[in-house]
Amino acid sequence: MPELPEVETTVRGIKSIESSVIEKIDIFNPNLRWPVPNDLPNFLSGKKILSVHRRAKYIIIKCSNAYLVIHLGMTGKLVFAKPSDTLKKHDHIQITFINNEQVIRYNDPRRFGSVHLVKDNLDDFKLLADLGIEPLVFEFDGNYLFTKARKRNVAIKTFIMNHHIVVGVGNIYASEALFLSGIRPSVSACKVTRRKMEILAKNIKHVLSVAIEKGGSTISDFMNTKGEQGYFQIGHQVYNREDQPCNKCGAKIKKTIIGQRSSFFCSTCQR
DNA sequence: AACAAGACCTGTAAGC
DNA sequence: TGCTTACAGGTCTTGT
């Protein structure tokens, strides 16, 4: 499921659990990317949820005694259900609340996602500690990208997908932002001009913001139909459009592999 | 320090 | 129809 907009949509979708009290947590299968700690249910049962936030693609649920941190990996989803609903294949975790007839279920076919219990300072949590800047904040701009790209020879697409640089830019929106910016994804990061970096930063913000807006429009669907209305509803300019005509110039969109990830671009519009 | 490649796992679609 | 293969939204870890 997740590019950043889907994670943000998920966070907004489960905001309603703020101030709820956890009754119990059932772990049906702890074998996610990392084993789910087996003291998690005991530790959090009876505890109040203080807030739900996002950092990068991590969902951070602040409880009265610890943080519950969730990453959706490639195929993870959080969905509301009734306790009486039959479990679906790959439902791995269920959170039940006091005085709430809806439970939350974590479903993840590929199990690349993870669920963590952070008892100490969140900033010291290893997976969050070394993350780069959020793309939607003011401080993320062309100058930031240009400065960070000095002496970086990796492809610009790989560069903007590196979350030590900037978080939350996944494979789809990397291709899309580069298309809008007229930058070929294979170009070395250090060769992209300052002016182009300004355009790129703007377009990264743009594609993510628009996707979040669209995702937001499907929040009710997310609650009722168990998710899934994500970015495949949104028209892409290049992603997954190999051999189809470029919407700007009509040339055939090309596909190539960069950093082991498929990448799409228009060889006319992107130099 | 920077980079490339490998690893994790299941479902789906395409190819034979 | 069935088997085999390639590929999929992520990112940590290992090796050069």
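Protein chains get the first letters and strands the later ones, always in sequence-line order, with residue 1 at the start of each.
- Qualifying side-chain hydrogen bond (donor to acceptor under 3.5 Å, both in side chains) partners for A:Glu23, counting only residues two or more places apart in sequence or in other chains: none.
- Residue A:Trp34 shares its hydrophobic cluster (ILVMFWY side chains chained together at separations under 4.5 Å) with A:Tyr58, A:Ile60, A:Tyr67, A:Val69, A:Val118, A:Leu122, A:Phe125, A:Leu127, A:Leu128, A:Leu131, A:Val167.
- Side-chain contacts under 4.5 Å among hydrophobic residues (ILVMFWY), followed directly or transitively, place A:Phe138 with no other residue at all.
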* Asked: Based on Watson-Crick and G-U pairs with both distances under 3.5 Å, what dot-bracket line describes DNA chain B 5' to 3', crossing pairs as [ ] and inter-strand pairs as |?
  -> .|||||||.|||||||
Distance-only donor-acceptor hits, side chain of residues 247-266 of chain A, under 3.5 Å, sequence neighbours excluded:
from	atom 1	to	atom 2	distance (Å)
A:Asn247	ND2	A:Gln237	OE1	3.3
A:Ser263	OG	A:Lys157	NZ	2.9
A:Ser263	OG	A:Arg261	O	3.1

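- Applying the salt bridge (charged side-chain N to carboxylate O under 4.0 Å, His left out) rule to A:Lys202 yields no partners; only residues at least two apart in sequence or on another chain are considered.
- Interface residues of residues 183-192 of chain A facing DNA chain C, ordered by number: none; criterion, heavy-atom separation under 4.0 Å.
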For nucleotides 4-7 of chain C, tabulate all protein N/O to nucleotide N/O atom pairs closer than 3.5 Å, reporting atom names and distance.
none

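- Taking the 5' to 3' direction, DNA chain B first and last meets chain A under 4.0 angstrom from a heavy atom at B:dA2 to B:dG11.
- Geometrically, A:Arg150 engages A:Phe146 in a cation-pi contact, judged by NZ or CZ lying under 6.0 Å from the ring centre and within 45° of the ring axis.
- Rounding to whole angstrom units, NZ of residue A:Lys57 and C1' of C:dT11 are separated by 9 Å.
- Put simply, the side chain of A:His92 does not reach to within 4.5 Å of the side chain of A:Ile27, judged on heavy atoms.
- Side-chain contact, A:Arg194 with A:Asn143: a donor N or O sits under 3.5 Å from an acceptor N or O.
- Within residues 146-156 of chain A, the residues approached by DNA chain B to less than 4.0 Å at the level of any non-hydrogen atom are A:Arg152, A:Asn153, A:Val154, in residue-number order.
- Across all strands shown, A:Tyr58 has heavy atoms under 4.0 Å from sugar-phosphate atoms exclusively, and none from any base.
- Heavy-atom nearest nucleotides on DNA chain B were determined for A:Thr158 and for A:Asn31, and the one closer to the 5' end corresponds to A:Thr158.
- For the segment residues 110-132 of chain A, the set of residues with a heavy atom within less than 4.0 Å of an atom of DNA chain C comprises A:Arg110, A:Phe112, A:Lys126, A:Leu127, in numerical order.
- Distance check on atom P: C:dT14 versus B:dC9 gives 15 Å, rounded to whole Å.
- Listed by first and then second residue, the ring-ring contact (aromatic ring centres under 6.0 Å, His included) pairs involving residues 4-28 of chain A amount to none (not counting sequence neighbours).
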